[in-house]
2 protein chains.
Amino acid sequence: MADRAQRAERRTDALSRERIVEAAIEILDAEGESALTFRTLAARLQTGSGAIYWHVANKDDLLATTTRDVLARAMTEGARGAEPREAVRAIALGVFDVIDAHPWVGTQLSREPWQPAVMQILEHVGAQLEALGVPEREQFNCASALVNYILGLSGQYAAGARLLPRESDRSAFLATMAERWEQLAPAEYPFVRRVAAQLREHDDREQFLAGIDLILAGIAASR
Amino acid sequence: MADRAQRAERRTDALSRERIVEAAIEILDAEGESALTFRTLAARLQTGSGAIYWHVANKDDLLATTTRDVLARAMTEGARGAEPREAVRAIALGVFDVIDAHPWVGTQLSREPWQPAVMQILEHVGAQLEALGVPEREQFNCASALVNYILGLSGQYAAGARLLPRESDRSAFLATMAERWEQLAPAEYPFVRRVAAQLREHDDREQFLAGIDLILAGIAASR
DNA sequence: ACCTGAACACCGTTCAAGT
DNA sequence: ACCTGAACACCGTTCAAGT
């Protein structure tokens with residue numbers, strides 16, 4: 001009996017890849033990318049920093065796994081059943097919402113090429129193209145365009161969140177940016193100055209979706 | 001006379017923002033992103049690492065400047081005169097070629113939001129939209145779609161180059177990737193497995209351009 | 001005003017030593 | 001087999017001291 005209780009307790013306490021990844025996600029969400037170190041992680045798991053290396057290869061491995069895990073949840077939810085155009089929009093919005101909730105995912109997605117998380121997005125987007133009537137030999141280009149657009153926005157959005165003071169909101173950030181745009185040299189930046197007002201009022205999510213729709217329209221047009 | 005000669009010599013030796021940025025670009029090009037530290041930079045400039053801080057604010061400042069400088073050369077070249085669709089393609093290809101030649105630029109572009117280098121791309125792309133007949137209130141969305149797509153590909157391409165052994169070429173890298181795609185679980189990755197063969201043969205530059213054309217077609221279609 | 005370079009406060013990663 | 005934690009080889013950045 002004492003034996004069993006002890007074993008059960010041991011098991012709860014035991015380090016594992018899953019527990020490490022879970023703790024890493026918690027730190028990333030609560031305190032941001034810069035707060036995740038092997039020392040803080042070891043402290044939270046009440047172990048030595050070297051112990052972590054028994055379960056994960058290195059920091060890149062750890063970050064790729066956290067990213068894939070968080071993204072996988074969003075990927076399985078949306079995009080079931082729906083009409084293909086709607087499915088693509090749902091996948092894209094799923095990714096957007098994950099990055100809105102966990103900006104560090106956006107950073108991570110553009111750090112390693114063709115990492116598992118990116119493959120998931122590529123697969124789910126690509127799976128819709130057949131139903132959209134895209135010829136086989138153009139499917140790769142179309143999927144690549146959609147994925148690269150999604151990754152590009154992810155990166156910029158995450159970068160914005162990274163330099164956002166924790167309390168301040170996105171609209172204040174956009175207002176500051178818009179002001180900076182308006183102060184650019186008129187001769188060099190006529191276009192940027194013209195759209196500065198739109199930056200202030202714009203909704204990131206809507207603009208993101210507008211880009212997806214543009215690519216979908218392009219796919220439909222060049223079919 | 002002696003005085004003048006000395007002054008001239010001093011000037012050549014003197015540290016300056018320009019010389020620092022120039023040396024940083026040389027290191028980045030020759031040895032990659034990980035080789036650029038304030039210590040290697042100071043050694044190459046034959047000075048102390050602290051001296052660099054007199055001329056640049058910090059490493060982010062330095063990297064943002066190197067990125068803007070390298071990109072600015074490409075930006076001013078292409079895209080003059082031409083028909084607006086061609087101009088957009090020329091701008092995009094200009095960015096692609098810069099990143100092909102200096103992969104670290106791709107990494108850098110997605111690290112800070114709306115940095116000078118990104119503003120340059122946005123301005124040049126946006127300036128073509130009026131001529132393309134895009135209504136004012138949609139110009140921001142269209143420019144954003146094009147820029148985010150360009151940045152997304154930049155990031156992936158640079159990430160690929162980062163883990164490429166220095167001697168090996170891109171096609172070997174693609175072959176390895178294609179093999180890995182073919183070994184993914186059939187049930188989970190049917191689409192990716194189907195396009196794996198295309199990955200092996202595909203041309204990055206052409207695929208990049210195909211994406212630009214897709215967005216341009218979408219812009220034309222939803223006009 | 002500009003430069004030097006040691007010092008500070010960190011990192012990721014390794015590894016001998018423990019259990 | 002798994003964990004500990006000191007040690008190693010780095011970083012970016014600061015700053016007293018020099019010229």
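Residue numbers start from 1 in every chain, and the chains themselves are labelled A, B, ... in the order their sequence lines are given, proteins ahead of strands. Side chains included, hydrogens not; waters and symmetry mates left out as well; all remaining heavy atoms used.
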Query - Atom CZ of B:Arg44: over 12 foreign heavy atoms under 6.0 Å - result: yes
Query - G-U wobble or Watson-Crick pairing nucleotide for D:dC3 (cut-off 3.5 Å, both distances) - result: none
Query raised in the report: Could you give the CG-to-P distance, from B:Leu41 to C:dC3, as a whole number of Å?
Result: 13 Å
Measure all distances between protein nitrogen or oxygen atoms and nitrogen or oxygen atoms of nucleotides 12-16 of chain C, and list the pairs falling under 3.5 Å.
{"from": "C:dG12", "atom 1": "OP1", "to": "A:Lys59", "atom 2": "NZ", "distance (Å)": "2.5"}
{"from": "C:dG12", "atom 1": "OP2", "to": "A:Phe38", "atom 2": "N", "distance (Å)": "3.2"}
{"from": "C:dG12", "atom 1": "N7", "to": "A:Arg39", "atom 2": "NH1", "distance (Å)": "2.9"}
{"from": "C:dG12", "atom 1": "O6", "to": "A:Arg39", "atom 2": "NH2", "distance (Å)": "2.8"}
{"from": "C:dT13", "atom 1": "OP2", "to": "A:Tyr53", "atom 2": "OH", "distance (Å)": "2.9"}
{"from": "C:dT13", "atom 1": "OP2", "to": "A:Lys59", "atom 2": "N", "distance (Å)": "2.9"}
{"from": "C:dT13", "atom 1": "O5'", "to": "A:Tyr53", "atom 2": "OH", "distance (Å)": "3.1"}

Query raised in the report: How long is the line joining CG of B:Leu45 and P of C:dG5, in whole Å?
Result: 14 Å
Query raised in the report: Should the pair A:Phe208 and A:Tyr149 be assigned to parallel (<30°), tilted (30 to 60°) or perpendicular (>60°) ring geometry?
Result: parallel
**Report entry** Among A:Thr107, A:Asp97, A:Asp29, side-chain hydrogen bond (donor to acceptor under 3.5 Å, both in side chains) partner for A:His102
**Finding:** A:Asp29
Query raised in the report: So A:Phe38 and A:Tyr53, would you call those rings parallel, tilted or perpendicular, with 30° and 60° as cut-offs?
Result: parallel
Report task. Under a 3.5 Å limit for both distances, which nucleotide forms a Watson-Crick or G-U wobble pair with C:dC10, could you say? Result -> none
Query raised in the report: Quick one: does B:Ile99's side chain get under 4.5 Å of B:Leu153's, heavy atoms only?
Result: no
Query raised in the report: Can you find a heavy atom in the side chain of B:Phe96 that is under 4.5 Å from one in the side chain of B:Leu209?
Result: no
Requested in this report: Under a 3.5 Å limit for both distances, which nucleotide forms a Watson-Crick or G-U wobble pair with D:dA17, could you say?
Outcome: none
Requested in this report: Write down the distance between CZ (A:Arg17) and C1' (D:dC2), rounded to a whole number of angstrom.
Outcome: 16 Å
Query raised in the report: Tell me: CH2 of A:Trp54 to P of C:dG18, nearest whole Å?
Result: 18 Å
